[in-house]
Structure formats: structure tokens, C-alpha cells
Amino acid sequence: MTKNSYLAVVFLLIGLVALLLSTTYVPVTESYKAPSIGNSISERADKILIYNEENATRYFWDCANPVNGLVRDHSELNSPSSISAVGFGMTSLIIGYENGWFTRSEVYDRILTTLNYFNNTTQNHGFYYHFINMYNGSSAYNSGFSSIDTTLFISGALFAGQFFSGTPLQRLAERLYERINWQWMTNNTSLLNMCYYPDSGFSHYYWTDYSEGLLMYILALGSPTHPLPVSDWEYWISTWRENGQNSLRHWAASDESMFTYLYAQAYINFKNLNFNYVGNLWNNSKRAIEYDISFSQSCTKYETFDQGYWGISASNGPNGYEAFGAYPGGTDGTVAPYAMIGALPFVPNQSKLAVINMWDIRNETYSTYGFVDAFNLGDNWFSPDYIGIDVGIEILMTQDYFNGFVWKYFMEIPYVENALLVLGV
């Protein structure tokens with residue numbers, strides 16, 4: 001065995017041992033007894049949401065390799081890491097610190113470890129594999145270098161850098177962002193490509209239509225090293241299409257999956273931003289969510305919807321992971337709690353009512369890291385495991401609803417300010 005091979009085995013064993021020995025969080029209640037209840041539905045929901053948020057943040061501590069900071073894509077022990085879950089995780093741990101659930105040193109050290117790892121792991125023009133082996137950093141599931149997942153990772157890194165301003169962590173986060181060559185990812189077109197594969201090159205798919213790519217384009221426009229021109233943004237939004245009627249008409253994701261209206265909004269506060277041609281994208285997400293609710297109410301053949309639940313989004317389902325969406329044939333009656341909770345800033349009354357109703361059947365809908373990933377009442381099915389990105393968006397949007405915490409720091413990042421300035425908003 002060569003010296004390098006020997007060292008690789010040693011580090012692999014260290015990572016395995018550290019992950020197995022890391023303390024697993026157990027909620028303070030054995031039967032998930034309700035938190036102290038308020039005098040109104042809103043107060044009761046708020047207390048449940050805070051309790052849920054605390055449990056959810058523990059996912060990103062327990063389901064991570066402390067040696068490199070990689071976070072499991074889903075809660076099963078054999079899961080690889082998802083780099084987008086790593087990004088949500090960095091933001092969520094800081095939220096945990098802000099709320100007193102972690103110490104500053106715990107969070108700072110874990111995130112610095114994570115960024116140091118990404119500074120030295122395999123990348124291509126600053127882009128990373130979508131799925132990574134938790135221990136050796138190799139590509140998992142034959143994934144390629146993903147543009148959107150790199151975006152979600154670097155968003156968490158930049159947020160952490162802004163929060164820990166003036167530290168080596170901030171300088172490292174900025175270095176990773178500056179390394180991303182957004183121009184390369186266009187493959188000499190006017191659209192960002194979805195993925196680059198080492199063996200076959202760029203994928204056949206480019207980012208068209210409204211999507212969570214909104215966050216990606218803004219970070220690409222604000223890059224100090226490899227920015228996209230505004231003309232690329234203009235070309236991208238020219239591909240957007242509308243859906244819905246009257247007050248529910250909105251720029252629509254192709255599959256009407258609710259997460260697409262949440263991801264960018266978790267980091268960027270679009271409330272007072274009015275873009276040329278496409279208008280106010282905060283209002284657009286609100287209308288899209290209301291469209292989802294209306295669509296769910298019309299699907300009375302599904303028991304889940306008949307019981308007043310909504311939130312049709314990509315999630316686990318009775319037959320595996322699916323990109324559920326609010327369109328005919330796009331749902332089997334499965335709903336995602338993260339979508340209903342993630343909609344809090346837009347439709348707080350509807351979200352809180354859903355939280356109360358889910359809590360009332362918590363023996364089936366609640367477990368270690370908060371509300372389950374998804375459930376389908378008609379099939380009597382409740383997801384047995386969690387998905388990192390779903391847990392993450394739930395945490396960020398809950399905190400944004402309470403005090404705009406993520407928005408505050410992310411909107412102060414100079415690169416984001418520059419992008420919005422370039423776009424004239």
C-alpha cells in the first residue's frame with residue numbers, strides 16, 4: 001500500500017468513527033407533548049413552530065460528518081451528502097446559534113471545517129458534484145457538477161461569511177464564490193446549463209422557465225470574477241410562462257412544485273423589489289402558493305386534500321421520491337409539511353392552520369427532526385425519513401417569518417447588492 005493510499009484509509013476510518021460517535025440529539029419529550037399552548041390559533045402555532053424549528057436544526061448537526069461538514073441528503077445512515085443540504089445546513093446552524101440552541105464556537109468551527117473541505121475537494125470551474133460520498137468526497141449516484149446545487153451551497157457559505165463578518169470564514173466563503181465560473185456553465189449560450197458530467201460534458205438541459213434558478217442568476221450577475229451579462233438574465237426571463245387565472249395568475253415553474261417558489265425567497269427579500277418585465281416576484285410566489293391551495297381544494301378525491309392540507313411539492317411519496325406539482329396528474333394526494341411551513345411569510349394564516357392540524361395528529365406526522373417529510377392520508381402513509389433540503393427550507397422560512405433573520409444578512413452581501421443594482425431594482 002502506498003503512503004497516499006494508507007492516508008486515505010486512515011482519514012476514512014477517522015470520519016466513520018467520528019460520525020458514529022457524534023452525539024445524537026433526542027427531543028426533550030418522549031411522546032412529543034404539545035408545547036405550552038397560547039390563547040389563540042396563531043399563538044399556539046407560533047409555539048409549535050419554534051419547537052419544530054429547534055428539532056429541525058438538529059438534523060444538520062446529527063446527520064453530518066464532523067470531520068468534513070458534509071450533510072446527508074436524507075436521514076438514512078447510508079445516504080450520501082447533498083451539497084445543497086450542506087448550504088441549507090450552514091444557514092440553519094447559524095439560526096440555531098441565534099436562538100441559543102448551539103454555541104458560537106460549535107457553529108463557527110463546523111462551518112469553517114466545511115468550507116476548508118470544499119476549498120480542497122474536487123470541483124470544476126468552482127462547481128461541485130450534486131451528491132458526494134460522505135467520507136471520501138467522490139461523486140455519488142454518478143452525479144455531475146451541478147449549477148443549482150452549487151448555488152444553494154454557496155448561498156449558505158456567503159450567508160455564513162456575512163454573519164461572521166471580518167473572520168477567516170468570511171474570506172474563505174468569498175474565495176469559493178469568486179472561483180465559480182458562471183460564464184463557463186453557459187456552454188457558450190445565453191442560458192445556464194444544469195450540469196456538467198466529467199465523462200460526457202454538459203447536459204442536454206438548460207435553465208428555462210421560472211424556477212428556483214432565480215437565486216442562481218442573481219448570484220451569477222453579482223460575481224466579481226465571472227459575471228453573467230444582464231442580457232443573459234433578459235434572455236432567461238423571456239422563456240418564462242404564466243399559469244392560473246385572474247388573481248392567481250403567476251409566472252410558473254414547469255411542474256408547479258411549490259419548492260420552486262420558496263428557495264430564492266428564503267435568502268433574498270423580494271418584497272419591495274420590482275423587476276422590469278416580470279414585476280414583483282414576492283407577489284408572484286404568493287399567488288403561486290395560493291394557486292397551490294386552490295388546486296388542492298379542488299382535488300376532493302384525495303383524502304389529504306379533503307382534510308384541508310395542501311403543499312404539493314417534490315418530496316418522498318408512497319412510491320418513492322417524486323416531483324409532485326399542482327397540475328392534473330401531478331399529484332397522488334401526498335403533501336409536504338415543509339411546503340406548508342415554508343409558505344409562512346406569504347400565507348401565515350393558512351400555514352398556521354396546517355401546523356395546528358398536523359400537530360393534532362403528531363403521533364403520525366412528527367418525529368425526531370420535526371414534522372415528517374411528507375404524508376398521504378388516503379394511503380395511510382407517512383414518510384419514515386427526512387430530506388436535508390426539505391428540513392432546511394422549513395427552518396429558513398420559519399426564521400424569516402419571525403424576524404427576517406436570513407434576509408437581513410443575505411441582503412447585506414455586497415455581491416447581492418451589486419446584482420440587484422445591475423438589474424435596476
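All figures in this text were calculated on a predicted structure; none of them were measured in a lab. All residue numbers in this chain count up from 1 along the given sequence.
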Centroid-centroid under 6.0 Å between [X] and [Y] rings:
X    : Y    : value
Y366 : W359 : yes
F410 : F159 : no
W233 : F275 : yes
F375 : Y309 : yes
F153 : Y128 : yes

Verify the neighbour count for atom [atom1] of [X]: are there more than 12 heavy atoms of other residues, nucleotides or ligands below 6.0 Å?
X    : atom1 : answer
D109 : CG    : yes
N283 : CG    : yes
I41  : CD1   : no
N78  : CG    : yes

May I ask you to decide if the ring planes of [X] and [Y] are parallel, tilted or perpendicular, using 30° and 60° as cut-offs?
X    : Y    : result
Y415 : Y177 : tilted
H250 : Y261 : perpendicular
Y141 : F131 : perpendicular
F305 : Y302 : perpendicular
Y277 : W251 : tilted
Y369 : Y59  : perpendicular

| Taking it one step at a time, do N136 and S138 satisfy side chain to side chain donor-acceptor pair (under 3.5 Å)? | CA-CA 6 Å; N136 64 23; S138 62; 2.8 Å; yes
Any donor-acceptor pair under 3.5 Å linking the side chain of [X] with the backbone of [Y]?
X    : Y    : value
N65  : Y135 : no
S296 : D292 : yes
Y210 : I237 : no
N418 : P414 : yes
S223 : A220 : no
E106 : T103 : yes
D209 : R241 : no

task = Kindly determine whether S82 and D149 satisfy side chain to side chain donor-acceptor pair (under 3.5 Å), including the steps that lead there.
result = CA-CA 8 Å; S82 161; D149 293 284; 4.6 Å; no
Out of curiosity, [X] [atom1] to [Y] [atom2], how far, rounded to the nearest 0.5 Å?
X    : Y    : atom1 : atom2 : result
I387 : C63  : CD1   : SG    : 12.5 Å
L49  : M397 : CG    : CE    : 13.0 Å
L93  : W101 : CG    : CH2   : 11.5 Å
M185 : H125 : CE    : NE2   : 9.5 Å
D73  : S81  : CG    : OG    : 8.0 Å
F295 : L248 : CZ    : CG    : 13.0 Å

Closest approach of [X] to [Y] (non-hydrogen atoms, all atoms of both residues):
X    : Y    : answer
P337 : F371 : CB-CB, 3.8 Å
S315 : D373 : CB-OD2, 3.5 Å
I180 : T225 : O-OG1, 4.4 Å
T304 : G333 : OG1-O, 2.7 Å
W207 : E212 : CH2-OE2, 3.7 Å
S313 : M258 : OG-N, 3.5 Å

- prompt: Would you call L215 and L152 a side-chain contact if the rule is heavy atoms closer than 4.5 Å?
  reply: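 With C-beta onward as the side chain, the pair touches.
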Practice prompt. Sorted by first residue and then second, give each ring pair (Phe, Tyr, Trp, His ring centres under 6.0 Å) pair with at least one member in residues 322-348; sequence neighbours left out.
Written response: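 Of all non-adjacent pairs touching residues 322-348, those that pass ring pair (Phe, Tyr, Trp, His ring centres under 6.0 Å) are W282-F346.
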Assess the residue pair F405 and L396 against the criterion (side-chain contact (heavy atoms from CB on, under 4.5 Å)); give the C-alpha distance rounded to whole Å, side-chain angles, the decisive distance to 0.1 Å, and a yes or no. CA-CA 9 Å; F405 177 73; L396 272 62; over 6 Å; no
Using the side chain to side chain donor-acceptor pair (under 3.5 Å) rule, take Y196 and S146 through it: C-alpha gap first, then chi angles, then the decisive distance, then the call.
CA-CA 7 Å; Y196 180 86; S146 168; over 6 Å; no
- Task: Please report the C-alpha distance between Q123 and T150 in whole Å, then the side-chain angles of each, then the deciding distance to 0.1 Å, and finally whether the side-chain contact (heavy atoms from CB on, under 4.5 Å) criterion is met.
- Result: CA-CA 10 Å; Q123 50 86 24; T150 295; over 6 Å; no
Practice item. Please step through ring-ring contact (aromatic ring centres under 6.0 Å, His included) for the pair W407 and Y267, ending with a clear verdict. Key: CA-CA 5 Å; W407 294 330; Y267 283 105; over 10 Å; no
So among R287, E256, R249, which one has a side-chain hydrogen bond (donor to acceptor under 3.5 Å, both in side chains) with N243?
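Single side-chain hydrogen bond (donor to acceptor under 3.5 Å, both in side chains) partner of N243 among R287, E256, R249: E256.
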Under the side-chain contact (heavy atoms from CB on, under 4.5 Å) rule, what do F163 and L169 come out as? Steps first, then yes or no, please. CA-CA 10 Å; F163 184 81; L169 189 155; over 6 Å; no
Chi angles and distances behind the side chain to side chain donor-acceptor pair (under 3.5 Å) call for E394, N52
CA-CA 9 Å; E394 188 175 301; N52 178 71; 2.7 Å; yes
Is the terminal nitrogen or CZ of R58 (NZ for Lys, CZ for Arg) located under 6.0 angstrom from the six-membered ring centre of F102 and within 45° of that ring's axis?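 Yes; both conditions hold, so R58 lies above the ring face of F102.
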| Member of F259, F60, Y263 meeting the ring pair (Phe, Tyr, Trp, His ring centres under 6.0 Å) criterion with F88 |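 Single pass found, and it is Y263.
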TODO: Step by step, work out the side-chain contact (heavy atoms from CB on, under 4.5 Å) result for L192 and M216.
DONE: CA-CA 9 Å; L192 283 163; M216 176 172 59; 3.8 Å; yes
